[in-house]
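Just so we're on the same page: letters track the sequence lines, and every chain starts at 1.
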There are 2 protein chains.
Amino acid sequence: MATRAQRTPSQLIEPELMAAALEILGESGPEGFTIRAIARRAKVAPMAIYNHFAGKDGLLEAIWIEGFTLLRRDLEVTSINPNNKFFDTAQAYRKFALTHRSHYTVMFMHRFIGFTPSPYAVTVALATFQTLERLVKSAQTVGIFSDYNAVDAAQMLWSTCHGFVSLEMLDINFATNRDETFLEFIRGVERGVAYSNK
Amino acid sequence: MATRAQRTPSQLIEPELMAAALEILGESGPEGFTIRAIARRAKVAPMAIYNHFAGKDGLLEAIWIEGFTLLRRDLEVTSINPNNKFFDTAQAYRKFALTHRSHYTVMFMHRFIGFTPSPYAVTVALATFQTLERLVKSAQTVGIFSDYNAVDAAQMLWSTCHGFVSLEMLDINFATNRDETFLEFIRGVERGVAYSNK
DNA sequence: ACCGAGTATAGAACATCGTTCTATACTAAT
DNA sequence: ATTAGTATAGAACGATGTTCTATACTCGGT
């Protein structure tokens with residue numbers, strides 16, 4: 001027996017490659033993220049990555065698009081109460097990042113050598129930012145963020161979350177208790193940015 | 001002529017390699033950061049990177065250490081008025097990042113495959129964080145940041161700056177005017193975090 | 001049940017990467 | 001002027017992403 005490994009059904013190849021890619025990225029980081037290692041993990045031929053994705057960059061793009069789509073969905077289901085939107089959105093953002101570390105790494109943390117997201121992938125990312133913008137506009141209907149235009153306020157919200165979370169993922173976050181310090185941080189930013197009357 | 005290229009004097013090799021490495025990183029990003037390309041730019045043999053640094057990772061470590069040293073120095077010369085420390089430190093931080101993009105990339109933006117800073121390099125980075133901590137403690141003498149312990153407040157300050165700047169460097173900062181929006185952002189965080197009495 | 005189109009696979013091949021090694025030729029100090 | 005030190009060129013190794021080819025499996029239509 002074993003003259004040749006079992007052949008994987010076509011429909012299973014893409015999800016198994018995605019799963020393997022995310023696992024490898026989570027376990028070994030970008031340095032372990034190689035075509036041969038991913039294929040080995042997925043029990044699939046290296047060539048499958050070229051037949052089902054556009055090579056390594058295509059796989060990264062698939063992770064990018066899935067990541068921004070998931071983040072957008074997570075942000076959209078936050079509180080319907082405009083008064084809580086800043087707090088809830090920040091919480092949802094951090095939860096997404098810590099729950100989908102591999103996705104977040106591709107989206108924001110690591111510039112993979114050779115990988116440039118396609119124009120379509122960029123529009124998906126833009127749509128996620130526009131979701132943030134819409135959340136801000138909704139909050140502005142009850143007087144929050146009234147000092148800034150929506151784009152700038154959305155950028156501040158994003159910066160707040162990404163700053164804390166990315167340092168956390170790089171393990172250069174020395175906060176005594178990361179969960180609590182993040183809460184204190186976004187409450188503080190909320191006081192100063194969202195409810196201010198400078 | 002030209003049976004062999006001019007030989008570069010020993011003392012010039014290290015600075016020229018450093019300069020070439022930073023240039024290449026700034027121009028071509030991590031994907032262009034290869035031994036052969038850096039040596040070509042410095043008009044030096046590839047082997048020089050092994051004789052004068054510990055290979056590619058050694059060169060990255062040199063950039064890391066220089067970067068954290070420069071950042072620490074820039075943060076230490078900020079305002080002696082404790083009331084302005086938050087504002088001045090944030091300004092100095094962003095200025096450093098935008099002026100030393102290649103350094104900042106190695107320090108915070110890109111996990112280079114295979115590169116792990118040595119224990120000594122980590123202590124240099126820690127010293128920079130402790131500088132931030134000292135700045136916070138100084139501000140606390142006049143009642144600023146009084147709600148938090150110094151480590152947590154320093155982490156908030158760092159997160160604020162890194163969040164805005166890193167998205168800026170990744171070119172996913174859509175603020176109408178980055179300079180002004182950053183100022184508004186840190187003023188807002190200052191109101192909410194530094195001067196709060198929650 | 002069979003047969004043929006589609007496709008998953010193995011493996012060789014290529015350029016480039018980081019790295020190591022060797023032999024050569026230059027430089028600077030004695 | 002001689003010698004020790006070292007910058008250089010170049011070959012070599014394994015690993016990488018990628019392309020190509022030939023093989024062998026699978027599944028849908030008859």
Undergrad: Assign the ring pair B:H110 / A:H110 to parallel, tilted or perpendicular, where the plane angle (0 to 90°) is split at 30° and 60°.
TA: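 Correct class here is tilted.
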
Undergrad: Charged N to carboxylate O below 4.0 Å: is that the case for B:E27 and B:R41?
TA: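 Salt bridge present between B:E27 and B:R41.
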
Undergrad: Strictly under 3.5 Å: I want the nitrogen or oxygen pairs between protein and nucleotides 27-30 of chain C, one per line.
TA:
none

Undergrad: Is the backbone N or O of A:F145 less than 3.5 Å from a side-chain atom of A:Q140, with the two atoms forming a donor-acceptor pair by type?
TA: yes

Undergrad: Once you measure the plane-to-plane angle for B:F68 and B:W64, does it fall in the parallel (<30°), tilted (30-60°) or perpendicular (>60°) bin?
TA: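 Plane angle between 30° and 60°, so tilted.
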
Undergrad: Would you call the rings of A:Y93 and A:Y104 parallel, tilted or perpendicular if under 30° counts as parallel and over 60° as perpendicular?
TA: perpendicular

Undergrad: Using whole Å, what does the distance between atom C1' of nucleotide C:dT19 and atom CD1 of B:I113 come to?
TA: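 Distance, rounded to whole Å: 16 Å.
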
Undergrad: A:I13 side chain: which of D:dT18, D:dA7, C:dA8 is closest?
TA: C:dA8

Undergrad: To the nearest Å, how far apart are A:Q11 CD and D:dT26 P?
TA: 14 Å

Undergrad: Please check this pair: side chain of B:R191 against backbone of A:G192, looking for a donor-acceptor N/O pair closer than 3.5 Å.
TA: yes

Undergrad: Does B:R178 use its side chain to pair, donor to acceptor, with the backbone of B:N173 at less than 3.5 Å?
TA: yes

Undergrad: How many Å lie between CZ on A:F112 and C1' on D:dG17, as a whole number?
TA: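 To the nearest whole Å, that distance equals 15 Å.
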
Undergrad: Roughly what angle, to 10°, lies between the helix axis at the start of the helix from C:dA1-D:dT30 to C:dT30-D:dA1 and the one at its end, five pairs per end?
TA: 0°

Undergrad: Could you report the tightest heavy-atom contact between B:A154 and B:L132, atom names first, then the distance?
TA: O-CD2, 3.8 Å

Undergrad: When the distance from CZ of B:F115 to C1' of C:dG18 is rounded to whole Å, what number comes out?
TA: 16 Å

Undergrad: May I ask you to establish whether A:R94 and A:F164 are in a cation-pi arrangement, using a distance under 6.0 Å from NZ or CZ to the six-membered ring centre and at most 45° from the ring axis?
TA: no

Undergrad: Do B:W158 and B:F108 have ring centroids that are under 6.0 Å from one another?
TA: yes

Undergrad: Please list residues of residues 33-55 of chain B whose heavy atoms come under 4.0 Å from any atom in DNA chain C, ordered by number; otherwise none.
TA: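 Within this stretch, B:F33, B:T34, B:I35, B:R36, B:M47, B:Y50, B:G55 sit under 4.0 Å of the strand.
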
Undergrad: First locate atom CD1 of B:I172, then atom CD of A:Q155, and finally report the distance between them rounded to the nearest 0.5 Å.
TA: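 Separation between the atoms: 8.0 Å.
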
